[in-house]
Amino acid sequence: MSDINIRKPAIELLNVSRRFVSPTGKSLTALRDFTMFVEEGEFVAVVGPTGCGKSTTLNLVTGLARPSAGEVRLMGGPVDGIDPRVGFVFQTDALFPWRNVIDNVMAGPLFRGKSRKEAEDSAKRWLQRVGLSKFLHHYPHQLSGGMRKRVSLAQTFINEPEILLMDEPFSALDVQTRTVMHEELLRLWAERKASVVFVTHDLEEAVALADKVYVLTAGPATVKSVYTIDLPRPRVVSEIRYEPRFIDYCKTIWEDLRQEVEASYRRSSEAA
């Protein structure tokens with residue numbers, strides 16, 4: 001029997017736990033018995049209460065942190081240090097303030113051994129794709145928040161990542177700019193089809209972008225539920241929010257998430 005249609009997950013977290021010692025010497029558990037699968041080309045969003053371990057999940061995938069128990073695998077193999085196939089978009093801008101836009105975008109290819117001409121040509125193409133061709137020689141402080149995020153996307157996608165990790169990348173933007181960035185991200189993702197893990201506090205953002213939404217429990221985090229978002233692509237984020245199925249997904253998932261948010265709030269109040 002042919003296995004041509006059988007695909008291995010791009011990312012696997014298998015019964016992972018992550019413990020660490022606080023500055024006071026207390027042992028804390030961020031993740032417990034955590035299992036998650038991301039297929040090749042799949043867009044997965046992760047939601048959960050504040051402080052439940054969402055960002056810790058990303059650090060395990062990057063290799064910046066190691067599991068205390070369980071296993072993390074990329075493309076069928078174990079995570080062993082920083083993997084060049086992984087791109088990361090942070091909540092805050094990861095731009096060099098002393099470099100102009102094109103030099104920021106060129107940095108990745110140059111670090112990976114490309115010639116300066118190759119890096120410059122590629123950077124110009126990517127900056128054109130994100131609508132910043134007229135701003136090549138501007139510095140980060142001369143750009144709006146949305147423009148800096150576009151530079152960050154070009155800075156990441158220029159390296160052609162197979163896996164893209166995003167830690168609340170648009171949370172600091174106003175609602176209108178965030179919607180524009182959602183559509184920019186979906187356009188670039190549709191072209192590259194990287195496997196995405198997108199961490200967010202915004203449930204509507206998760207449903208609008210993702211193929212699948214993971215809901216985490218209040219810390220220590222484990223997976224409470226997984227929802228497949230069966231909305232057609234390509235999606236227009238500015239319009240999809242008004243569709244009945246989108247609203248139904250948000251209501252259903254919020255009932256799950258609300259219980260964990262309330263549990264997290266009670267715990268923090270008791271601790272205080």
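All heavy atoms count here, side chains included; hydrogens, waters and symmetry mates do not.
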A.B. asks: Tell me, do Leu216 and Val47 make a side-chain contact under 4.5 Å, heavy atoms counted?
C.D. replies: no

A.B. asks: Is it the case that atom CZ in Arg116 sees more than 12 heavy atoms from other parts of the structure closer than 6.0 Å?
C.D. replies: no

A.B. asks: State the CD1-CG distance between Ile163 and Leu165, to the nearest 0.5 angstrom.
C.D. replies: 7.0 Å

A.B. asks: Would a distance-only check, ignoring hydrogens and angles, find a side-chain to backbone donor-acceptor pair under 3.5 Å from Tyr214 to Phe37?
C.D. replies: yes

A.B. asks: Does Val61 share a hydrophobic cluster with Val226, counting links as ILVMFWY side-chain heavy atoms below 4.5 Å and allowing steps through other members?
C.D. replies: yes

A.B. asks: Can you give the donor-acceptor pairs under 3.5 Å from side chains of residues 12-20 to other protein atoms, not counting sequence neighbours?
C.D. replies:
residue, atom, partner, partner atom, Å
Asn15, OD1, Thr35, OG1, 3.3
Ser17, OG, Asp33, N, 3.2
Arg18, NH1, Arg66, O, 2.9

A.B. asks: Is any side-chain heavy atom of Pro140 closer than 4.5 Å to a side-chain heavy atom of Arg148?
C.D. replies: yes

A.B. asks: Kindly give the heavy-atom pair with the smallest separation between Pro169 and Val89, and that separation in Å.
C.D. replies: CB-CG1, 3.7 Å

A.B. asks: Measure the SG-CG distance between Cys250 and Leu203 for me, rounded to the nearest 0.5 Å.
C.D. replies: 5.0 Å

A.B. asks: How far does CG of Asn100 sit from CG of Leu143, to the nearest 0.5 angstrom?
C.D. replies: 10.0 Å

A.B. asks: Could you check Arg125 against Asp121 for salt bridge (Lys or Arg N to Asp or Glu O under 4.0 Å), going step by step and ending with a plain yes or no?
C.D. replies: CA-CA 6 Å; Arg125 286 195 300 272; Asp121 289 347; 5.4 Å; no

A.B. asks: Should Arg258 and Glu262 count as an ion pair when the cut-off is N to O under 4.0 Å?
C.D. replies: yes

A.B. asks: Report the distance from atom CG of Leu209 to atom CZ of Arg235, rounding to the nearest 0.5 Å.
C.D. replies: 8.0 Å

A.B. asks: Give a yes-or-no answer on whether the side chains of Thr56 and Asn59 include a donor-acceptor pair shorter than 3.5 Å.
C.D. replies: no

A.B. asks: With the threshold set at 4.0 Å, does a side-chain nitrogen-carboxylate oxygen contact exist between Arg73 and Glu71?
C.D. replies: yes

A.B. asks: Could you check whether the rings of Trp98 and Phe96 sit parallel, tilted or perpendicular, using 30° and 60° as the cut-offs?
C.D. replies: tilted

A.B. asks: Answer yes if Leu95 and Leu132 sit in the same cluster of Ile, Leu, Val, Met, Phe, Trp and Tyr residues linked by side chain heavy atoms under 4.5 Å apart, and no otherwise.
C.D. replies: yes

A.B. asks: With sequence neighbours left out, what residues match Phe157 under ring-ring contact (aromatic ring centres under 6.0 Å, His included)?
C.D. replies: Trp126

A.B. asks: Does any part of the side chain of Val46, heavy atoms only, come nearer than 4.5 Å to the side chain of Val215, both counted from C-beta?
C.D. replies: no

A.B. asks: How about Gln91 and Ser171: does a side-chain donor come under 3.5 Å of a side-chain acceptor?
C.D. replies: yes

A.B. asks: Going by distance alone, is a donor N or O of one side chain under 3.5 Å from an acceptor N or O of the other, for Glu205 and Thr200?
C.D. replies: yes

A.B. asks: Show your reasoning for whether side-chain contact (heavy atoms from CB on, under 4.5 Å) applies to Leu185 and Met166.
C.D. replies: CA-CA 11 Å; Leu185 170 61; Met166 309 188 78; 3.8 Å; yes

A.B. asks: Closer than 3.5 angstrom, by distance alone: can the side chain of Arg99 be matched with the main-chain N or O of Asn104 as a donor-acceptor pair?
C.D. replies: no

A.B. asks: Could you tell me which non-hydrogen atom of Leu58 sits nearest to which non-hydrogen atom of Phe88, and how far apart they are?
C.D. replies: CD1-CZ, 3.9 Å

A.B. asks: Between Arg178 and Asp174, is the closest basic N to carboxylate O distance under 4.0 Å?
C.D. replies: no

A.B. asks: So do the side chains of Gln259 and Lys224 get within less than 4.5 Å of each other, counting heavy atoms only?
C.D. replies: yes

A.B. asks: Please say which of Lys212, Lys193, Arg233 ends up in a side chain to side chain contact (heavy atoms under 4.5 Å, CB included) with Phe43.
C.D. replies: Arg233

A.B. asks: Let me see the working for Leu31 and Thr222 under side-chain contact (heavy atoms from CB on, under 4.5 Å), right down to the final yes or no.
C.D. replies: CA-CA 6 Å; Leu31 301 177; Thr222 192; over 6 Å; no

A.B. asks: I need the Glu42 CD to Glu40 CD distance, nearest 0.5 Å.
C.D. replies: 11.0 Å

A.B. asks: Thr29 side chain to Pro220 main-chain N or O, any donor-acceptor pair under 3.5 Å?
C.D. replies: no

A.B. asks: Let me see the working for Val44 and Phe198 under side-chain contact (heavy atoms from CB on, under 4.5 Å), right down to the final yes or no.
C.D. replies: CA-CA 6 Å; Val44 168; Phe198 189 102; over 6 Å; no

A.B. asks: Would you indicate whether the side-chain heavy atoms of Pro109 and Ile158 approach each other to under 4.5 Å?
C.D. replies: yes

A.B. asks: Judged by atom type as modelled, is there a donor-acceptor pair below 3.5 Å linking the side chain of Thr177 to the main-chain atoms of Leu173?
C.D. replies: no

A.B. asks: Does the pair Thr228 and Asp211 meet the rule for a side-chain contact (heavy atoms from CB on, under 4.5 Å), with working shown?
C.D. replies: CA-CA 6 Å; Thr228 297; Asp211 298 312; over 6 Å; no

A.B. asks: Do Lys54 and Asp167 sit within salt-bridge range, that is, some charged N less than 4.0 Å from a carboxylate O?
C.D. replies: no

A.B. asks: Find out whether Pro67 and Val72 are in side-chain contact, i.e. whether some heavy atom of one side chain is under 4.5 Å from a heavy atom of the other.
C.D. replies: yes

A.B. asks: Rounded to the nearest 0.5 Å, what separates atom OG in Ser122 from atom CD in Glu160?
C.D. replies: 7.0 Å

A.B. asks: Contact between Trp189 and Leu164 at the side-chain level, heavy atoms closer than 4.5 Å - yes or no?
C.D. replies: no

A.B. asks: Below 4.5 Å, heavy atoms only, C-beta onward: do Thr156 and Pro161 meet side chain to side chain?
C.D. replies: yes

A.B. asks: Side chains of Ser115 and Glu118: any donor to acceptor distance under 3.5 Å?
C.D. replies: yes

A.B. asks: Take Lys124 and Glu120 through the test salt bridge (Lys or Arg N to Asp or Glu O under 4.0 Å) and record every step on the way to the result.
C.D. replies: CA-CA 6 Å; Lys124 285 179 178 178; Glu120 185 174 358; 3.5 Å; yes

A.B. asks: Is atom CD of Gln142 surrounded by more than 12 heavy atoms (other residues, nucleotides or ligands) closer than 6.0 Å?
C.D. replies: yes

A.B. asks: Which heavy atom of Leu127 sits nearest a heavy atom of Val105, and at what distance?
C.D. replies: CD2-CG2, 3.9 Å

A.B. asks: How close do Val213 and Ala206 get, heavy atom to heavy atom, and via which atoms?
C.D. replies: CG2-O, 4.0 Å

